[in-house]
Protein chains: 2
Amino acid sequence: MNLKQLATHLGLSQTTVSRALNGYPEVNRDTRERVQRAASEHGYSPNRRARSLATGRSMAIGHVIPLRTQHEMMNPVFADFIAGAGETYSRNGYDLILSVVGPRDEEAVYSELFSKGAVDGVIVHGPRAGDNRIEMLNRIGLPFVVHGRASDTPGPYSWLDINNRRAFDRATGYLIDLGHRRIALLNGLEDMDFAQRRRQGFLDAHQRRGIEPDTALMCSGEMTEMYGYEALRPLLASSERPTALLCSSMISAVGARRAIHEAGLELARDISLITHDDDLSYLRNGSNVPMFTATKSSVREAGRTCAEMILRSLSSPDLPLQTTMLEAEFVLGQSTGPAPASL
Amino acid sequence: MNLKQLATHLGLSQTTVSRALNGYPEVNRDTRERVQRAASEHGYSPNRRARSLATGRSMAIGHVIPLRTQHEMMNPVFADFIAGAGETYSRNGYDLILSVVGPRDEEAVYSELFSKGAVDGVIVHGPRAGDNRIEMLNRIGLPFVVHGRASDTPGPYSWLDINNRRAFDRATGYLIDLGHRRIALLNGLEDMDFAQRRRQGFLDAHQRRGIEPDTALMCSGEMTEMYGYEALRPLLASSERPTALLCSSMISAVGARRAIHEAGLELARDISLITHDDDLSYLRNGSNVPMFTATKSSVREAGRTCAEMILRSLSSPDLPLQTTMLEAEFVLGQSTGPAPASL
DNA sequence: TTGAAAGCGCTACCAC
DNA sequence: GTGGTAGCGCTTTCAA
């Protein structure tokens, strides 16, 4: 059933039917009701393609996910974030177009999506330090919001992020204050913006206390389980093994725990472990008791917010820059786990 | 730059330019080359909306993800599956439209996507036993492929699945043959098709060996970390605690391990743990050594395959039914972990 | 081998 | 308050 058919069926013009359905004020109340009833009876819903061709708006937002390798697991954060965003979109009649691309093709994908009229705006995922996508999007005039930030990128842009630096500053400081001096850091790939900030937090906490971190204990890599295992194993085998471990993701922590187990060590007794959990934006200690907890939001909620930001920037493009920062609040859990006996 | 502009720029008609770009044979070779050069020079790419309005094909596939609760984490399997599917789509010029919906609205979403002309076909995720979506999609004539299966659903349909029943049959049998008699099962929600099959495999292994499973040890729930923790805790506290545990997902296994740790028990020594890992379609034992490994594919690869299935069924709708089954092959790892001392 | 023109389904402008 | 009509950018007959 299309508009024309519905109109002839009702003995009205397409114009009137369209107006009635789109809430234009000048339509007679009776007419509007009659039209609406008929529309839902016949299950009529306007063709998106035709509508967007006529209006010039595509009513869709693009999410472009960069994946480096063929084997890389999609970051679970993306999934929940997108799920949250999707809720907002469907509530507002928008579609979500998902593109998963290698880092090379990314720019091309953005401009294609735009010039093809497929999307009205995009969300940028996984920003790297000095990311050139941002400048490029500003240049071609495609509205966007960044999930995360990109340091060293000139010019204003909208973004939504958690406070990665501070979270790792606090977690590290907590461990140092417990007496730890040899703390390992299993970080993400350090060309990613979030990983740079976490590293910075790690270093800041040391520096503020006048302690020299052992750079040999700082690792960086794709946050897979295998990485957690392989990065930690040699550190544990060394004569000067770390007494504490700061993990950048749940998944690499699983690998790290395997390495700890195989080395004959016991968590909490021999080595302390704090893992950053993106999903709930909190940090956990070795016995998995929440230690840092975000007050504001989960990743899903962040996705919702980010979607609202892009939709708002579509309706008022020259609105002042919206920057939202989700703070990982410091909340000591009931049990913070024992200080390691080996200290 | 649109077709009209490009055409006038070249001093040709829109028709000819369109034909040249779309590979119609009747175009003069020189003309075609000239057109193609100009197109890439000016970065022309046809407007998707307009094209699909004209052709009647939308060049997009919908993925509809059902999420039960506001809080449920998006199943990581979906993410990687979709990433894989996305690769296939972009290689073939298709868009991927993602809708995340509550179980109630699902049917409406499908028929809307279709009647709005937003998609040419859909992938059905997370099928439940006797899922009525399948019958509904057949009725409205929207091409689809199911990721998973739905038992008790009449009529043929295309699907792609792993062998859940057999995987759990084998894992359970393996534990029984090691001497375990009290095996706990932390299953997913048992209205989901995959969970029913896993449960069946668990029961089959017992029955074939003439052993009565303790139904008090069989749990079912949303596969979150909290669920793994809360479901296992009372079982461990009981006087007749399980000596082995079969976990339906990595994430609930994390919670289960926490419960084990808190109960003062040690993995492998006091209790054996086998976890099903969807991503690599393998099962792991307590020390994380792969025990069952899929020979054919990861979830990502499955996504690619599923996308190929739907695209193929678009071009030839009355093709014989394609059913593909990914087998979780039984491969004993180098180390299968010690039999529990408590036996 | 090329071009003119009719539509795809809808919105939006201008008349009435 | 309602209707005619001109597009939106493309594909696809039909003519030349």
Side-chain angles (χ1 to χ4, degrees), chain A residues 1-36 38-39 42-60 93-95 112-120 315, chain B residues 1-36 38-39 42-60 93-95 111-120:
Chain A
M1 168 75 72
N2 62 25
L3 185 62
K4 193 174 183 178
Q5 294 171 318
L6 186 62
T8 38
H9 176 78
L10 283 162
L12 289 168
S13 73
Q14 295 189 40
T15 315
T16 305
V17 175
S18 171
R19 275 195 281 236
L21 257 25
N22 289 312
Y24 281 64
E26 65 261 31
V27 183
N28 185 335
R29 239 191 59 192
D30 290 355
T31 315
R32 163 164 290 134
E33 276 172 14
R34 204 160 61 89
V35 169
Q36 285 173 335
H42 293 79
Y44 167 77
S45 65
N47 183 308
R48 282 263 172 114
R49 312 269 155 180
R51 167 182 274 176
S52 45
L53 194 56
T55 56
R57 295 178 309 151
S58 66
M59 299 299 281
Y94 275 77
D95 282 339
E112 259 196 37
L113 277 177
F114 193 37
S115 68
K116 280 179 175 166
V119 300
D120 294 326
S315 55
Chain B
M1 169 76 71
N2 61 25
L3 186 62
K4 194 175 182 177
Q5 294 170 320
L6 186 61
T8 38
H9 175 79
L10 283 162
L12 289 168
S13 73
Q14 295 189 41
T15 317
T16 305
V17 176
S18 171
R19 276 196 280 235
L21 257 24
N22 290 312
Y24 281 63
E26 65 262 31
V27 183
N28 184 333
R29 237 189 61 188
D30 290 356
T31 316
R32 164 165 290 134
E33 275 172 14
R34 204 160 63 89
V35 170
Q36 284 174 335
H42 293 79
Y44 167 78
S45 65
N47 183 308
R48 282 262 171 114
R49 312 268 155 181
R51 167 181 274 175
S52 43
L53 193 57
T55 57
R57 294 178 310 152
S58 65
M59 298 300 282
Y94 275 77
D95 281 339
S111 56
E112 259 195 38
L113 277 178
F114 192 37
S115 67
K116 279 179 176 166
V119 300
D120 293 327

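Proteins come first, then strands; the chains are lettered A, B, ... in the order of their sequence lines, and each starts at number 1.
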Report yes if a side-chain nitrogen or oxygen of A:Asn22 is closer than 4.0 Å to either non-bridging phosphate oxygen (OP1 or OP2) of C:dT11; otherwise report no.
yes

Protein-nucleotide distance (A:His42, atom NE2; C:dG9, atom C1'), rounded to Å
18 Å

Under 4.0 Å: is that the gap between some side-chain N or O of B:Arg51 and OP1 or OP2 of D:dT11?
yes

Which sits closer to the 5' end of DNA chain C, B:Gln14 or B:Val27, going by the nucleotide each is nearest to?
B:Val27

Roughly how many Å is it from CZ in A:Arg49 to P in C:dT11, rounded to a whole number?
15 Å

Can you tell me how far P of D:dC10 sits from NZ of A:Lys116, to the nearest Å?
12 Å

Any side-chain heavy-atom pair from A:Thr16 and A:Val35 closer than 4.5 angstrom?
no

CD-CD distance between B:Gln14 and B:Gln5, expressed to the nearest 0.5 angstrom
10.0 Å

How many Å lie between CZ on A:Phe114 and P on D:dG9, as a whole number?
13 Å

The side chain of B:Ser18 is closest to which nucleotide in this list: D:dT11, C:dG9, C:dT1?
D:dT11

Between atom OG of A:Ser45 and atom CZ of A:Arg51, what is the distance when rounded to the nearest 0.5 Å?
9.0 Å

D:dG3 OP1/OP2 closer than 4.0 Å to side-chain N/O of A:Thr16:
yes

Presence of A:Asn2 side-chain N/O under 4.0 Å of C:dG9 phosphate oxygens OP1/OP2
yes

Given D:dC10, C:dT2, C:dG9, identify the nucleotide with an atom nearest to the side chain of B:Asn47.
D:dC10

Tell me: CG of A:Leu21 to C1' of C:dA12, nearest whole Å?
16 Å

As an exercise, state the distance from CG of A:Asn2 to NE2 of A:His42, rounded to the nearest 0.5 Å.
12.0 Å

Considering just the side-chain nitrogens and oxygens of B:Tyr24, establish if one lies under 4.0 Å of OP1 or OP2 belonging to D:dT11.
no

By nearest-nucleotide position on DNA chain D, the 5'-leaning member of B:Ala54 and A:Glu26 is A:Glu26

Starting at CG of A:Leu113, measure out to CZ of B:Arg48 and round the result to the nearest 0.5 Å.
8.0 Å

Return yes if the base of D:dG4 and the side-chain atoms of A:Thr15 contain a donor-acceptor N/O pair under 3.5 Å, otherwise no.
yes

Rounded to the nearest 0.5 Å, how far apart are CE of A:Met1 and CG of A:Leu3?
10.5 Å

Take the protein atom CZ of B:Arg29 and the nucleotide atom P of C:dT1, then report the distance between them rounded to whole Å.
12 Å

Can you tell me which nucleotide in C:dG9, D:dG1, D:dC10 comes closest to the side chain of B:Leu53?
C:dG9

Could one point to a donor on the side chain of B:Arg19 or the base of C:dG3 with an acceptor on the other under 3.5 Å away?
yes

Looking only at side-chain atoms of B:Thr31, point me to the closest of D:dT2, C:dC10, C:dT2.
C:dT2

Using atom OH of A:Tyr44 as one end and atom C1' of C:dT11 as the other, report the distance to the nearest whole Å.
10 Å

Taking atom P of C:dT11 as reference, at what distance in whole Å does atom NZ of A:Lys4 sit?
15 Å

